[in-house]
Amino acid sequence: MDIEKVKLELKKKVEKNINKYYAVDFLKQRGFERKTCKKCGARFWTKDPEREFCGEPDCVGGYSFIGKPVGKRLEYIESWNKFSEMFKSLGYTPIKRYPVVARWRDDTDFVQASIYDFQPHVVSGEVEPPANPLVVPQYCLRFNDIDNVGITGRHKTGFVMVGQHAFLPPKDFDQNLFLSHIHKWLTVGMKIPEEEISYIEKQWYGGGNLGVCMEAFVRGLEIENQVYMIYKVSDAGYEELPIRVLDMGMGLGRTVWVTQGSATQYESDYPDVIKKLFEKTGLELSDMFRDFMPFAGELNVEENKDIEKSWQKIAEKLSVSKEELKKEVMPLAALFSVADHSQSLLVALSDGMLPSNVGGGYNLRVIARRAMSFIDKYGWPFSLQEVAEWHAAYLRPLFPELNENIDDVMKILDIEKKKYRNARQRTKKMVVKILKKKRNISADELRLLYESYGITPELIREVAENTLNVNVSLPENFYALITRERPERKREVEKEFDLKGIAETEKLYYEDDVKEFDAEVLKEWEEKGKHYVVLDRTAFYPLGGGQASDKGKLDGAHVVAVIKQGNIVIHETDRKLGKKQVHGVIDWERRLQLTRQHTGAHILNGAAREILGNHIWQAGAEKNYEKARLDITHYEIPTAEEISRIEKLANEVIRKAIPIERRFMPRTEAEQKYGFRLYQGGAVPGKMIRVVNIKGFDVEACGGTHFSNTKYVEEIKIWKVKKIQDGVIRIEFSAGKEMIAKLMKRMKEEKDKEKAAWLKRVELLIAEKEMLTGKKERIDVEGKDLDSIIKIWKQLSKELEKEKKRKASELSEETVQIIDVADMKLMQEIARKVAKKKAYCVVLAPGQVIGVDNKSGKPVKEAVEKAAEIMGGKAGGKGNEWKGGGPEKNKYKEAFNQVRKILGE
Ligand SMILES: [Zn+2]
Ligand SMILES: [Zn+2]
């Protein structure tokens with residue numbers, strides 16, 4: 001269904017009965033009055049009898065609080081403390097922020113608003129919220145405005161959104177009450193006079209939900225937006241949500257900025273960091289910059305098509321040249337960008353995302369490089385790491401967890417810096433070369449340069465100005481061009497079977513030791529030559545969670561594959577059952593081995609995190625019968641020493657015989673108890689999630705089969721570690737003593753086989769060389785290992801090549817000749833050499849012949865063909881060269897005589 005149509009429909013509905021949809025009673029009670037904006041036509045509420053405009057900056061002529069703060073001055077962290085205290089007294093529970101990396105969702109990489117914490121399961125009414133009602137200081141990341149960061153005074157990539165949320169049945173949902181709470185915060189907490197506040201009535205749509213909202217503005221600044229979600233929108237249309245959801249979002253920084261009235265929001269958001277940055281760089285807010293700030297919003301690249309023209313206009317208003325203005329503004333804008341980017345990186349890296357070339361990590365790399373290129377360009381005496389550390393220290397009372405992972409974050413940023421430096425070194429020359437040819441680089445070329453080589457526009461500008469002394473024009477919205485929203489992930493549409501009316505399968509595979517079972521056949525069918533069976537209960541584990549499916553028997557039929565569709569397990573059998581009741585037998589040896597591999601993967605994941613750092617997450621896994629693999633997030637290939645420590649720790653955990661708890665838990669309870677590390681394998685569906693807890697070591701939400709104790713894994717052996725993509729490392733391993741022994745034996749056998757093959761090759765070379773030189777070779781290969789043997793082979797090949805060349809130069813210059821070595825390369829060398837001098841040449845050897853004719857006029861081709869025929873074979877060729885041969889090798893002397901005859905010699 002068309003969302004615009006739905007919105008319009010809702011709008012009509014609202015228009016017919018506006019007082020039902022907005023918190024009218026409370027506002028009336030406070031003496032507010034509903035008005036219509038004279039400029040934009042929006043309906044809004046105000047207590048100021050004089051007010052004619054809604055409060056949007058476009059309608060009221062921009063911000064009017066800069067230099068003229070309103071309310072009681074609040075500091076950043078103080079504001080949250082006061083807010084949460086007040087809301088606690090109002091019956092809300094303040095909760096800790098969720099990680100900014102949204103592991104519990106499969107549709108987004110980062111949290112972009114506080115409501116993201118509760119989507120999809122809480123908002124849909126399926127899962128209980130952690131508290132109700134609640135407030136949360138949620139860190140959010142948005143990468144759609146990078147070009148504006150620093151310039152406009154307010155755009156940021158990372159910020160804290162204060163959320164006020166409630167999830168209630170419609171009858172208990174009291175909009176007037178919720179609005180009265182936020183109104184109390186604005187007027188009592190922030191001490192903003194009621195006359196200063198205007199509430200605008202709007203509609204709201206997001207993430208498949210639709211509702212109405214009330215936005216609060218103070219002096220042109222939007223402070224908060226209180227949304228009341230009512231509908232769920234889908235292709236089928238819209239329907240009322242089973243619960244009503246309160247979604248109030250308020251930028252924490254906005255509450256501070258408006259009460260401080262600073263020139264930019266960066267100063268009020270990061271007071272300590274900005275102070276340090278000013279001290280270190282000697283920069284400060286000049287009068288020109290302060291005069292510029294009220295107009296800075298006009299440089300919003302999202303809304304402005306001709307930025308240069310706007311610069312010109314603003315400069316004229318300030319009576320300076322455009323160049324002077326830019327010279328004043330750009331370094332400060334760069335400094336504010338470094339302040340913003342370093343904080344975003346701190347939180348994202350601390351929460352477990354790595355910069356990379358793919359996915360959400362790509363956007364982190366973009367801002368890291370942008371910040372580093374500013375630091376380089378201006379030669380500032382601090383690093384990105386230092387600034388991140390200052391943020392961590394300042395935010396300690398609000399987000400103490402940022403200090404726990406700080407060493408990890410420093411290391412990651414350090415590696416990122418090295419990668420950036422390397423890219424710069426490699427590419428500086430490339431930029432010079434491009435700029436020598438032309439002064440304009442198209443947006444597409446820039447994008448390519450950035451994505452292939454990490455060349456930022458800042459670097460291009462720097463090289464242009466410093467090395468070539470030219471100015472280049474680059475697009476102002478460059479970062480908007482290169483950052484990507486993650487494309488809607490297409491769910492894999494697997495073949496769906498028609499299972500209407502069939503009950504959920506009872507799953508026996510979560511109980512230990514169910515090797516056999518009896519079940520009733522609910523459905524049996526055949527499709528494209530395959531047989532499928534659905535039972536009322538089963539112990540067959542279906543493919544899932546990276547674990548291969550069980551095998552075994554259903555009566556006389558072999559179970560070849562097992563899959564899950566929704567909550568129904570489907571068995572594929574090799575023949576028709578044709579029965580009502582069946583007896584199932586699991587291939588228990590296979591199941592045990594798969595369980596070893598799977599439990600081993602959990603242990604290995606925990607060990608990797610212990611050894612490599614808290615940024616380690618599972619990025620994928622596959623557990624097959626013989627070998628398994630675990631993909632982890634890490635910025636480089638671990639050293640041999642680290643790998644051996646991981647293996648050692650994993651085996652220690654096995655030896656310690658740690659109990660493994662496996663149970664289903666309500667989602668929210670599990671999240672609160674174990675944190676979001678649970679979601680190692682990504683988002684998991686459902687109200688209840690299965691928690692696999694290796695006590696004190698690793699906890700994951702996982703639906704696979706696991707042992708009750710680590711000791712049953714017996715042993716873990718890592719076979720191979722490699723990088724499979726930027727930021728992702730693959731560990732190939734096996735678990736189980738017998739399996740490891742079997743594979744090691746096989747590997748040894750394979751190695752022995754390989755060695756034998758190489759020995760054979762060496763022997764052949766030795767024989768050939770002896771034939772060529774007539775001397776006995778003395779090469780000792782006895783007892784040598786494979787690598788040494790390959791080395792000998794390489795050496796011999798080289799020597800032989802040389803020997804052939806030497807031999808060719810030594811041989812006579814006869815136009816028809818015979819040699820003992822049947823080596824086509826050598827024969828060719830001789831034939832060509834002689835033909836160069838004497839116009840033609842035919843060389844014969846046991847079983848082989850070649851002829852070259854440089855317009856001699858002689859029947860060389862016929863001679864070669866005849867020779868091959870005599871040896872029982874054929875000849876062919878093109879141009880001036882023919883070769884051939886046959887199985888009757890020793891007839892080559894007879895052929896030699898015949899050739900001479902044909903050529904008249
Ligand atoms: Zn308006
Ligand atoms: Zn598992």
Side-chain angles (χ1 to χ4, degrees), residues 34-46 48 50-64 197-203 214-222 225 507 509-510 512 541-550 564 591-609 617-624 628-632 650 653 658 660-665 670 674 677-686 689-695 697-710 712-713 716 733 735:
R34 187 187 260 138
K35 288 188 180 177
T36 302
C37 177
K38 286 228 165 119
K39 186 143 184 208
C40 72
R43 274 196 311 271
F44 68 99
W45 290 82
T46 178
D48 178 358
E50 310 284 301
R51 193 188 286 275
E52 295 182 314
F53 303 107
C54 63
E56 288 268 13
D58 282 351
C59 299
V60 298
Y63 298 156
S64 54
I197 304 166
S198 60
Y199 291 105
I200 308 180
E201 292 179 350
K202 287 187 178 173
Q203 271 194 78
M214 203 74 117
E215 272 182 45
F217 282 83
V218 174
R219 300 202 180 172
L221 187 68
E222 182 195 333
N225 185 13
K507 294 162 191 92
Y509 45 82
Y510 284 138
D512 295 323
Y541 179 80
L543 174 76
Q547 181 177 332
S549 65
D550 279 342
K564 218 170 125 185
R591 158 73 77 78
L592 278 182
Q593 179 56 21
L594 288 172
T595 305
R596 270 183 213 112
Q597 307 278 47
H598 191 135
T599 311
H602 286 237
I603 295 172
L604 213 48
N605 194 28
R609 186 165 55 245
W617 285 77
Q618 178 182 311
E622 200 177 292
K623 300 103 180 180
N624 293 313
R629 61 176 174 75
L630 172 72
D631 299 340
I632 54 167
V653 168
I658 301 173
I660 304 174
E661 187 184 79
R662 305 146 299 166
R663 64 185 177 112
F664 280 97
M665 282 176 86
Y674 300 113
R677 286 239 167 255
L678 274 177
Y679 300 119
Q680 287 291 328
V684 289
I689 56 177
R690 192 159 178 273
V691 174
V692 178
N693 181 10
I694 304 176
K695 287 192 176 158
F697 187 66
D698 183 81
V699 191
E700 300 180 20
C702 186
T705 65
H706 313 80
F707 291 123
S708 60
N709 190 297
T710 59
Y712 300 121
V713 178
I716 283 176
F733 72 98

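For ligands, and for the atoms within them, numbers begin at 1 and follow the listed sequence. Values in this document were obtained by computation on a predicted structure and should not be read as measured data. Worth knowing before you read on, the calculation uses all heavy atoms, side chains too, and leaves out hydrogens, waters and symmetry mates.
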If I take atom [atom1] from residue [X] and atom [atom2] from residue [Y], how far apart are they, to the nearest 0.5 angstrom?
{"X": "L221", "Y": "E56", "atom1": "CG", "atom2": "CD", "answer": "11.0 Å"}
{"X": "Y541", "Y": "H598", "atom1": "OH", "atom2": "NE2", "answer": "6.5 Å"}
{"X": "H602", "Y": "F697", "atom1": "NE2", "atom2": "CZ", "answer": "12.0 Å"}
{"X": "Y510", "Y": "F664", "atom1": "OH", "atom2": "CZ", "answer": "5.0 Å"}
{"X": "T705", "Y": "Q547", "atom1": "OG1", "atom2": "CD", "answer": "3.5 Å"}
{"X": "W617", "Y": "R677", "atom1": "CH2", "atom2": "CZ", "answer": "5.0 Å"}

Checklist entry - Is a side-chain donor-acceptor pair under 3.5 Å present for Q680 with D698? => result no
Item to check | Under-4.0 Å salt bridge between K35 and D48 | outcome: no
Item to check | Atoms of protein origin (N, O or S) under 2.8 Å from the Zn ion (ligand 1) | outcome: C37 SG, C40 SG, C54 SG, C59 SG
Next on the checklist: Test your reading of the model: is there a side-chain donor-acceptor pair from Y712 to the backbone of H706, 3.5 Å cut-off?
Outcome noted: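 No; judged by distance alone, with no hydrogens or angles, the pair does not exist.
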Checklist entry - If waters are left out, how many protein N/O/S atoms lie within less than 2.8 Å of the Zn ion (ligand 2)? => result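 Number of qualifying protein atoms: 4.
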